[in-house]
Amino acid sequence: MQYWLMKSEPDVFGIEHLTKAKRRTTAWDGVRNYQVRNMLRDEMRVGDLAFFYHSSCAIPGIAGVVKISRAGHPDHTALDPENDHYDPRSTPENPIWYMVDVTLVERFEHVISLADLRAEQALQDMLILRRGNRLSITPVSPAHWRHILKLASHIRKSDTRKRVARS
DNA sequence: GCCAACGTTGGC
DNA sequence: GCCAACGTTGGC
């Protein structure tokens with residue numbers, strides 16, 4: 001079992017879209033970076049889990065958890081001249097670009113913001129926190145994964161306390 | 001194979 | 001909208 005972090009711009013496709021998608025599943029298409037292509041094609045396995053990260057938005061951060069529900073297969077959007085991600089170098093016989101399918105596992109009640117993540121000493125060496133990091137998919141260590149899930153549950157508990165205190 | 005120019009990402 | 005950082009392109 002491996003863990004990942006996958007970035008998407010919520011204005012284009014966010015976790016909100018995934019909650020409404022058929023079978024809460026979507027193809028993770030449009031990746032046009034070779035390092036990330038190699039992860040999609042060669043490394044990501046069905047059953048792996050990934051954080052769904054919102055980038056380039058008001059509150060960048062982790063919005064929930066998805067699982068890989070289909071392993072790497074050719075990204076057909078590269079073959080479609082009408083598509084924004086069209087790449088004339090890619091052909092059905094020789095596809096250059098790959099995608100996986102992801103299925104929603106959990107949407108966090110609140111996004112764990114980038115600022116929240118940066119505040120955690122235990123997460124200092126996360127790839128996502130390194131300056132200049134531009135990969136749209138990065139591996140996440142089991143220790144970091146567990147730590148972030150703990151953060152998510154703490155946020156839930158503190159919310160509960162606040163609700164109780166108010167009532 | 002080098003490297004400058006250019007395009008893109010993404011936080012702020 | 002700015003800009004740092006990085007990947008890609010293409011001339012040589």
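Values reported hereafter were calculated over all heavy atoms of this structure, with side chains retained and with hydrogens, waters and symmetry mates removed. Worth saying up front: this structure is predicted, and the values here are computed from it rather than measured. Chain naming here is simple, since letters A, B, ... match the order of the sequence lines and numbering starts at 1 in each.
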What is the separation between atom CG on A:Asn33 and atom P on B:dT9, rounded to the nearest whole Å?
10 Å
Between A:Tyr3 and A:Trp145, what is the ring plane arrangement, given parallel below 30°, perpendicular above 60°, and tilted in between?
parallel
What are the two closest heavy atoms between A:Ile15 and A:His54, and how far apart are they?
N-NE2, 3.0 Å
Could you check how far CG of A:Leu129 sits from P of C:dA5, rounded to whole Å?
16 Å
Taking only side-chain nitrogens and oxygens of A:Lys7, does any of them come within less than 4.0 Å of OP1 or OP2 of B:dG10?
yes
So which heavy atom on A:Ser8 is nearest to which on A:Phe13, and how close?
OG-O, 2.6 Å
Heavy-atom closest pair (A:Gly72 atom, A:Val100 atom, distance to 0.1 Å) is N-CG1, 3.8 Å
For the helix from B:dG1-C:dC12 to B:dC12-C:dG1, figure out the bend between the end axes, five pairs an end, and round to 10 degrees.
10°
Calculate the interatomic distance between A:Arg130 atom CZ and B:dG10 atom P; express it in whole Å.
16 Å
Assess the pair A:Trp4 and A:Phe52: is the distance between their ring centroids shorter than 6.0 Å?
no
Whole-Å distance separating the CG atom of A:Leu135 from the P atom of B:dT9
12 Å
Rounded to the nearest angstrom, tell me the gap between atom CG in A:Asp84 and atom C1' in B:dT8.
14 Å
Which nucleotide in the set B:dC12, C:dT8, C:dA4 lies at the smallest distance from any side-chain heavy atom of A:Arg131?
C:dA4
What is the distance from CG of A:Leu127 to C1' of C:dA5, rounded to the nearest Å?
15 Å
From A:Arg24 CZ over to A:Leu18 CG, what is the distance, rounded to the nearest 0.5 angstrom?
8.0 Å
Answer yes if the side chains of A:His144 and A:Asp125 hold a donor-acceptor pair under 3.5 Å, and no otherwise.
yes
Test side-chain contact (heavy atoms from CB on, under 4.5 Å) on A:Asp101 and A:Trp28 and set out the steps.
CA-CA 6 Å; A:Asp101 288 1; A:Trp28 203 267; over 6 Å; no
Any idea which of C:dA5, B:dC12, C:dG7 is nearest the A:Leu114 side chain?
B:dC12
Among residues 49-63 of chain A, which contact DNA chain B at a heavy-atom distance under 4.0 Å?
A:Tyr53, A:Ser55, A:Ser56, A:Pro60
I need the CG-P distance between A:Leu117 and B:dC12, as an integer number of Å.
11 Å
